[in-house]
Amino acid sequence: LSESSASVVASTFDGNSAGGDGGGVRAEGGDLGVSACLFIDNAAANGAAVHLFGDAIGDLGHVTAVGNAASTGGTVRVTAQAKLLLTDSIVAFPAAGSAVSVAGGAAWTVRYSDVFSTTGAEYSGIDDQEGVNGNLSGNPTFSAYGADGVYDGDGLLLAIGSPCIDVADPEGSPDPDGSLPDMGAWG
């Protein structure tokens, strides 16, 4: 995506790779809206799932990103003068790199999201956001996720007892059962 606008809804980006930046999606300028999407096992140097560059504006809501591998940047990477709003999302289990990476000059807001890593830093370039703006940093507890680098029907629904249930933005649309929204793609 370059200097244009795009909206991506209810899509899966699985097993993609880029020799440079943006294994799943790369935006260099323009507006990128991503909602109710999965980013699974993508790879790139920076922004294995999503890379925002230039004056791109990325609004990521109710996204689940797992198993992505960035050799130097994060699963979600924002650089230069780009802007990121990450809301009601789960960025977890990066295979390499941090979960969220922000470079100098970039603007960012992370709200009501679970950013969790067992392999390295949750955040790079910014302070840990756990406990700020409704953010968590814990195992999202999926129904049957296997961090094996192969998405073969892994259960990415939230399991009973997940810390991501009923804790997304309380101003958002309620779940079908009337409870508060959940974090992640099915929130």
Side-chain angles (χ1 to χ4, degrees), residues 7-16 23-25 32-43 47-50 58-70 74-77 84-101 108-123 128-187:
S7 180
V8 182
V9 179
S11 297
T12 299
F13 297 82
D14 177 20
N16 299 292
V25 175
L32 173 64
V34 178
S35 179
C37 289
L38 297 171
F39 290 87
I40 306 158
D41 302 330
N42 299 291
V50 177
D59 184 353
L60 284 62
H62 287 288
V63 166
T64 297
V66 296
N68 297 283
T75 294
V76 176
R77 171 86 168 155
L84 167 69
L85 174 59
L86 179 68
T87 306
D88 301 330
S89 294
I90 298 170
V91 181
F93 305 111
S98 61
V100 174
S101 177
W108 55 272
T109 303
V110 179
R111 299 178 59 243
Y112 297 100
S113 293
D114 185 12
V115 177
F116 177 70
S117 176
T118 58
T119 59
E122 272 91 24
Y123 296 91
D128 189 330
Q129 297 298 296
E130 182 178 14
V132 178
N133 293 326
N135 294 316
L136 307 174
S137 182
N139 187 333
T141 317
F142 295 114
S143 61
Y145 175 67
D148 56 5
V150 178
Y151 180 63
D152 54 2
D154 293 343
L156 293 175
L157 295 172
L158 298 174
I160 294 171
S162 168
C164 299
I165 294 175
D166 296 341
V167 294
D169 188 345
E171 299 296 319
S173 299
D175 283 349
D177 66 2
S179 65
L180 292 173
D182 302 334
M183 293 177 176
W186 289 282

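The model shown is predicted, which means the values in this text are computed figures rather than measured ones.
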Query raised in the report: Is a donor on one side and an acceptor on the other found under 3.5 Å between the side chain of E122 and the backbone of F116?
Result: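 Side chain of E122 to backbone of F116, a donor-acceptor pair under 3.5 Å: no, none is there.
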Holding to side chain to side chain contact (heavy atoms under 4.5 Å, CB included), I want the full list of residues that pass it with [X], two or more places apart in sequence or in another chain.
{"X": "S89", "value": "V63, L86, S113"}
{"X": "P170", "value": "Y112, L180"}
{"X": "A70", "value": "A48"}

Closest non-hydrogen atom pair, [X] against [Y]:
{"X": "G67", "Y": "A95", "value": "O-CB, 3.8 Å"}
{"X": "R77", "Y": "S101", "value": "NH1-OG, 2.5 Å"}
{"X": "S7", "Y": "V9", "value": "OG-CG2, 4.0 Å"}
{"X": "W186", "Y": "L156", "value": "CZ3-O, 3.2 Å"}
{"X": "D114", "Y": "N139", "value": "OD2-C, 4.1 Å"}
{"X": "S173", "Y": "P181", "value": "O-CB, 3.4 Å"}

Query raised in the report: Among pairs that include at least one residue of residues 157-169, which meet side-chain hydrogen bond (donor to acceptor under 3.5 Å, both in side chains), considering only residues two or more places apart or in two chains?
Result: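 Residue pairs with at least one partner in residues 157-169: R111-D169, D166-S179.
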Report task. Provide the full list of salt bridge (charged side-chain N to carboxylate O under 4.0 Å, His left out) pairs with a residue in residues 171-187, sequence neighbours left out, each pair given once. Result ->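 For residues 171-187, and leaving out neighbouring residues, there are no salt bridge (charged side-chain N to carboxylate O under 4.0 Å, His left out) pairs at all.
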Query raised in the report: Quick one: ring pair (Phe, Tyr, Trp, His ring centres under 6.0 Å) partners of F13, sequence neighbours excluded?
Result: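 Once residues adjacent in sequence are excluded, the partners of F13 under the ring pair (Phe, Tyr, Trp, His ring centres under 6.0 Å) criterion are F39.
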Excluding sequence neighbours, so at least two apart, what forms side-chain hydrogen bond (donor to acceptor under 3.5 Å, both in side chains) with [X]?
{"X": "S98", "value": "S124"}
{"X": "D88", "value": "H62"}
{"X": "N16", "value": "N42"}

Report yes if the side chains of [X] and [Y] come closer than 4.5 Å at any heavy-atom pair, otherwise no.
{"X": "V34", "Y": "V50", "value": "no"}
{"X": "F93", "Y": "P140", "value": "yes"}
{"X": "T119", "Y": "P94", "value": "yes"}

Requested in this report: Check the pair V100 / Q129 against side-chain contact (heavy atoms from CB on, under 4.5 Å), numbers first and verdict last.
Outcome: CA-CA 10 Å; V100 174; Q129 297 298 296; over 6 Å; no
Would you compute the distance between atom [atom1] of [X] and atom [atom2] of [Y] and round it to the nearest 0.5 angstrom?
{"X": "F142", "Y": "I90", "atom1": "CZ", "atom2": "CD1", "result": "4.5 Å"}
{"X": "L60", "Y": "L84", "atom1": "CG", "atom2": "CG", "result": "6.0 Å"}
{"X": "S143", "Y": "L158", "atom1": "OG", "atom2": "CG", "result": "8.0 Å"}
{"X": "I40", "Y": "N68", "atom1": "CD1", "atom2": "CG", "result": "8.5 Å"}

Query - From CA spacing to verdict: side-chain contact (heavy atoms from CB on, under 4.5 Å), L32, V25 - result: CA-CA 9 Å; L32 173 64; V25 175; 3.6 Å; yes
